[in-house]
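Taking it in order: structure first as structure tokens, then the write-up.
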Number of protein chains: 2
Amino acid sequence: MTSSDADSPDLYSIADLAREFGISTRAIRFYESKGLIAPERLGATRVFRRRDRARLILILRGKRLGFSLRDISDYLALYDADRGQQVNLLAEKVDERLKLLEQQLADLQTTIAELQEIRKLARTRVSSAS
Amino acid sequence: MTSSDADSPDLYSIADLAREFGISTRAIRFYESKGLIAPERLGATRVFRRRDRARLILILRGKRLGFSLRDISDYLALYDADRGQQVNLLAEKVDERLKLLEQQLADLQTTIAELQEIRKLARTRVSSAS
DNA sequence: CAGTTGTTTGACGCTAACGTAAAGCCGTGA
DNA sequence: TCACGGCTTTACGTTAGCGTCAAACAACTG
């Protein structure tokens, strides 16, 4: 159901992914050097698969959320941990991270509300001009 | 209603604010050097008021959301712009920023949902052990 | 065969956001 | 008076996250 959908290519060059996600190849290599991804090799050349691509998506989302690569690395580990590990410890870590994210969610909602307020004020002022 | 509540001190030293918010005085001076705050001076000594303190709160919230000081600076400007400015331009900028924030909100909700899913899996596995 | 395109590994450069002395001024209490 | 804590500026150091060559190899193309 997952391992044989046989539709998307499942083989990507570093340039493929760089193009697709609008980042540099340098960035991708940097992520690898930090252990965030671990593509296979064909000789010396990196070969990326769906799994690597999926991880890249998570990395970029993490970046949009303002996380450091270190944080993102921990975050990715939570996914990997699914494949058998210290499960109790995993649950703790997940809860930790969820707390942070919910704080962030609260901050975000406050900020959005304040900006909408500002916009409202701006509009009422402008309603008398052209 | 706002200008004479006469309760909170309204006069803070740099160390006061550093303590209150758990940041370094160096950081506060750095924010000033970047124009994010502009405390008055008594001789050479910085004197902070409620307004400065309020700005600091916004700055720290921005940081929790992963924004750069540059971004936060722009963001603060939206508040200042309330005091008469190019109002149309203001509305545009606010809308721009709102878009980003809403993207971020979506990312965040996705991430939270995924983590909750992982936690659920962890719990069902652990339900058979001690 | 030469040239182009895509890949690799260094290695140095750069910006952001402070940390960390260093050295001096200023007011207060013993 | 003098030591002390708190404030100041100046300046160099540090980490993260890449950008930007440089030099070299590998495959394809004309």
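A, B, ... follow the sequence lines: proteins, then strands. Residue 1 opens every chain.
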Which of residues 13-23 of chain B have a heavy atom under 4.0 Å from DNA chain D?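 Nucleic-acid contacts, sorted: B:S13, B:I14, B:A15.
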Name every residue in residues 31-46 of chain B that has at least one heavy atom under 4.0 Å from any atom of DNA chain D, in order of residue number, or write none if there are no such residues.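 By residue number: B:R41, B:A44, B:T45, B:R46.
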Ion pair check, [X] and [Y], cut-off under 4.0 Å:
X: B:E96; Y: B:K93; answer: no
X: A:E40; Y: A:R46; answer: no
X: B:R53; Y: B:D16; answer: no
X: A:R55; Y: A:D80; answer: yes
X: B:R64; Y: A:E102; answer: no

Quiz question: by atom type and distance under 3.5 Å, do the side chains of B:R61 and A:T110 form a donor-acceptor pair?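 Not at all, the side chains of B:R61 and A:T110 share no donor-acceptor pair under 3.5 Å.
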Positional range of nucleotides in DNA chain D within the contact set of chain B, heavy-atom, under 4.0 Å: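 Extent of the interface on DNA chain D: D:dC7 to D:dA11.
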Where do N or O atoms of nucleotides 20-28 of chain C meet protein N or O atoms at under 3.5 Å, pair by pair?
from	atom 1	to	atom 2	distance (Å)
C:dT20	O4	B:R26	NE	2.9

Give the intermediate values and the outcome of side-chain contact (heavy atoms from CB on, under 4.5 Å) for residues B:Q109 and B:L105. CA-CA 6 Å; B:Q109 285 165 343; B:L105 186 60; 3.9 Å; yes
B:R29 CZ to C:dC18 P, straight-line distance once rounded to whole Å: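 It is 14 Å, rounded to the nearest whole Å.
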Atom CZ of A:F30 to atom P of C:dG13: distance rounded to whole Å?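 It is 17 Å, rounded to the nearest whole Å.
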Rounded to the nearest 0.5 Å, what separation is found between the CD atom of A:Q104 and the CZ atom of A:R97?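 The distance works out to 9.5 Å.
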Would you give the length of the straight line joining atom CG of A:L100 to atom CG of A:L65, rounded to the nearest 0.5 angstrom?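 Result: 12.0 Å between the selected atoms.
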Donor-acceptor contacts, no H, no angles, side chain residues 69-76 of chain A, under 3.5 Å, sequence neighbours left out:
from	atom 1	to	atom 2	distance (Å)
A:R70	NH1	A:D74	OD1	2.8
A:Y75	OH	A:Y79	OH	3.2

Between B:V94 and B:L98, is a side-chain contact (heavy atoms from CB on, under 4.5 Å) present by the stated rule, with each step listed? CA-CA 6 Å; B:V94 172; B:L98 271 175; 4.1 Å; yes
Distance-only donor-acceptor hits, side chain of residues 22-29 of chain B, under 3.5 Å, sequence neighbours excluded:
from	atom 1	to	atom 2	distance (Å)
B:S24	OG	B:A27	N	3.0
B:T25	OG1	B:R29	NH1	3.4

After noting the C-alpha distance and the side-chain angles of B:L101 and B:F67, does the key distance pass the side-chain contact (heavy atoms from CB on, under 4.5 Å) rule? CA-CA 11 Å; B:L101 290 176; B:F67 294 150; 3.4 Å; yes
At 4.0 Å (heavy atoms only), tell me whether B:S24 reaches a base, stays on the sugar-phosphate, or touches nothing.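 Sugar-phosphate contact only - B:S24 comes under 4.0 Å of backbone atoms but never of a base.
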